[in-house]
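One structure is given here, and the rest of the page talks about it.
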Amino acid sequence: MMNPLQDEAVDGLDLTQLLIEHREATFFWRVEGSAMDGLGIHHGDLLVVDRAVVPGNGSVVIAVLDGGFVVKQLVRRGGAVILRSAHPDHPEIRLRPGQDLEVWGVVRWSVHRVVV
Amino acid sequence: MTCHGQNIALIDGNNFYVSCERVFDPGLNRKPVVVLSNNDGCAVARSNEVKALGVKMGEPWFRLKPLAQRHGIVGLSGNHALYVDMSRRMMSLLAGFGARQEVYSIDECFLDLGTGADVTELGNNMRQEVARCLGLPVGVGIASTKTLAKLANHLSKKRPEYNGVCNLNMVPEAELLPLLAGIDVGEVWGVGSRLAEGLRAVGIAHVLALRQADPRWLRRRFSVVMERIGLELRGISCLQLGEIAASNQQIQSTRSFGKPVYDFDELAEAVLTFVRRAGQRLRRQGSVAGALHLFIRTSPFREGEPQYRQGITLTLPTPTADELQLANAAKRGLEAVYRTGYAYRRAGVLLLELENARTLARNLFADPQAERKSQALMTTLDAMRNRFGSDIIHVAGEGRQRRWSTRASNRSPCYTTRWADLPTARAG
């Protein structure tokens, strides 16, 4: 008879296997501010950011804007690039022609701590 | 190139430490930046902007300060944790491009790219992949031997027309010769400044001349090593790719002291700090050490002071990663080598005979239960230091004033290795 307790090849679930697709290119970030609340990204959350992924229309990205890092939704609309927040108090940012945007990485997961 | 067979690549990070800093601080882009050595001593990495200002490698920071003020040079303290983590990521990415990899230093590795006809495109892909995944710029040199690959890498940086990838195997002979004639012999891997002097004295001033010199004559006039360099420059491979990174076979933690140390207790505090650092690195890479080497010494540059240097290697009862056992060994070692009356200015700890902790047979340990307890203690210790910073807990006797820590007045956060230091992005 097989004894399942002796089968040492069974591994428990490892959360990093689920959260990290590209190990070398994945970095953890921290969120500051509440302008992305509408997309489930809250102040203090931990973001799993993948640099190997190409951002699509609507991807949430870490971007370099005016020398600082922001987390925004990247939207392309009629040739224009727009950085959108997910909060009524924060209007979208439309990039001026010639203003270049550096996308640092694509947000794959947001880890939110639940208070006990 | 005459010899087509093998494609050996040397890939290295451009201004690696500075580039790592810029990934997490875009404010440093296009600014002159230097990264400084321990105790904020001298420049160990320079951005292109700083190089253009004429700042040399190894230039002391105090001497740079007037220039720094005039041009707004940013002087950063070295952030070793960040560089090691980014290096690990880069090496892992690059390993996928070749059949074999030799990690040569923190920011460079050799890759065996096989015998394909034109692998230049592979070099371009490496550059793009590392830039995309890590934000780091690299240079790629490809040739038929390691020595030529090093030169190709040098050319990839010096000549903008290569766009960061120089494949000497694809350069026709007629172009190659003037190319090699234009490179100083001192640029050749393994030819230091003294040997370069010696070569120039016999009329060998550039790489082409060294390549054309009779290898047997090079051996008679200089050494076997020089003969090998000559052969490698001709495309005859003499140096094989080593598989294992030398840096993983021993771990060292050493420092020069900011001021001289005379007292045994003070010296012991310093040594325990080194043990703590080395032990953390040992456990992080999942190894145990079979032996520990300790050395202390005065400064050979202070001729007025009495000189003393002594080292001792201690075999550990069983291979271990336990900080307390390592600390005990180090302390016994220090008792053996310490002499009163000297101004000690440098000390260090090396962990040797490293083995993977998991592959080590269980029965090697004298006391499995004590071993488990020690492991649990070390895991807790590392977790707390990870969370609160590496200085939170010390082995007794290590002292509470952090006199031995590196003076790091302008160090960036450990963005990728400490939870408390994660980079932040503004949502609004």
Side-chain angles (χ1 to χ4, degrees), chain A residues 21-55 60-73 83-93 100-107 110-111, chain B residues 11 13 19-31 74 81-82 84-97 101 103 109 125-138 358 362 386-387 412-428:
Chain A
E21 186 182 355
H22 305 103
R23 187 155 284 281
E24 292 91 353
T26 297
F27 296 85
F28 299 135
W29 283 69
R30 190 72 70 186
V31 182
E32 226 172 63
S34 49
M36 293 298 282
D37 279 359
L39 281 167
I41 295 172
H42 306 286
H43 178 74
D45 282 0
L46 184 139
L47 300 178
V48 179
V49 178
D50 192 340
R51 290 184 59 110
V53 171
V54 180
V60 175
V61 299
I62 304 282
V64 181
L65 190 71
D66 302 324
F69 290 110
V70 294
V71 51
K72 295 281 176 196
Q73 190 178 30
L83 289 178
R84 213 155 56 178
S85 299
H87 195 282
D89 295 349
H90 294 267
E92 56 186 34
I93 303 163
D100 60 319
L101 175 80
E102 189 205 323
V103 173
W104 195 94
V106 175
V107 177
S110 176
V111 181
Chain B
I11 304 100
S19 299
C20 289
E21 299 284 354
R22 282 177 169 170
V23 171
F24 294 96
D25 187 355
L28 296 173
N29 290 341
R30 289 176 294 278
K31 271 192 196 148
V74 180
L82 175 65
V84 168
D85 184 65
M86 293 299 275
S87 166
R88 186 181 54 74
R89 292 166 182 263
M90 182 172 90
M91 296 309 172
S92 175
L93 278 177
L94 291 171
F97 285 89
Q101 180 185 42
V103 177
C109 71
N125 293 345
M126 289 181 211
R127 267 172 63 82
Q128 282 161 17
E129 185 78 351
V130 177
R132 188 169 63 106
C133 293
L134 300 176
L136 298 172
V138 298
R358 262 176 302 182
R362 296 289 331 165
N386 224 348
R387 178 128 182 235
S412 55
C414 296
Y415 299 109
T416 61
T417 55
R418 191 186 291 178
W419 290 115
D421 282 8
L422 295 185
T424 55
R426 269 183 309 111

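Chain A is the first sequence line, chain B the second, and so forth, proteins listed ahead of strands; every chain is numbered from 1.
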Which atom pair, heavy atoms only, marks the closest approach of A/S34 to B/A427?
N-CB, 4.4 Å
Which residues in residues 64-73 of chain A have a heavy atom less than 4.5 Å from any heavy atom of chain B?
A/V64, A/G67, A/F69, A/V70, A/V71, A/K72
If you tally heavy-atom pairs under 4.5 Å between each of B/N29, B/D25, B/L134, B/V23 and chain A, the highest tally belongs to B/L134
Per-residue contact mode, B/M86 against chain A (heavy atom under 4.5 angstrom)
side chain
Among A/I41, A/I62, A/T26, single out the residue with the greatest number of heavy-atom pairs under 4.5 Å to chain B.
A/T26
Measuring from B/D421:CG to A/R30:CZ, what's the distance to the nearest 0.5 Å?
10.5 Å
Parallel, tilted or perpendicular: which one describes the rings of B/W419 and A/F28, with boundaries at 30° and 60°?
parallel
Taking side-chain hydrogen bond (donor to acceptor under 3.5 Å, both in side chains) as the test, write out the residues that go with B/S87, two or more places apart.
none
Quick one: pull up CH2 in A/W29 and CZ in B/F24 and give me the separation to the nearest 0.5 Å.
7.0 Å
To the nearest 0.5 Å, tell me how far B/R89 CZ sits from A/R51 CZ.
10.0 Å
Under 4.5 Å from any heavy atom of chain B, what part of A/L46 do you find: side chain, backbone, both or neither?
side chain
Expected output: side-chain B/R426 to main-chain A/E32 donor-acceptor under 3.5 Å:
no
Just so I know, are the side chains of B/S92 and A/E24 near enough to count as touching, which here means a heavy-atom distance under 4.5 Å?
yes
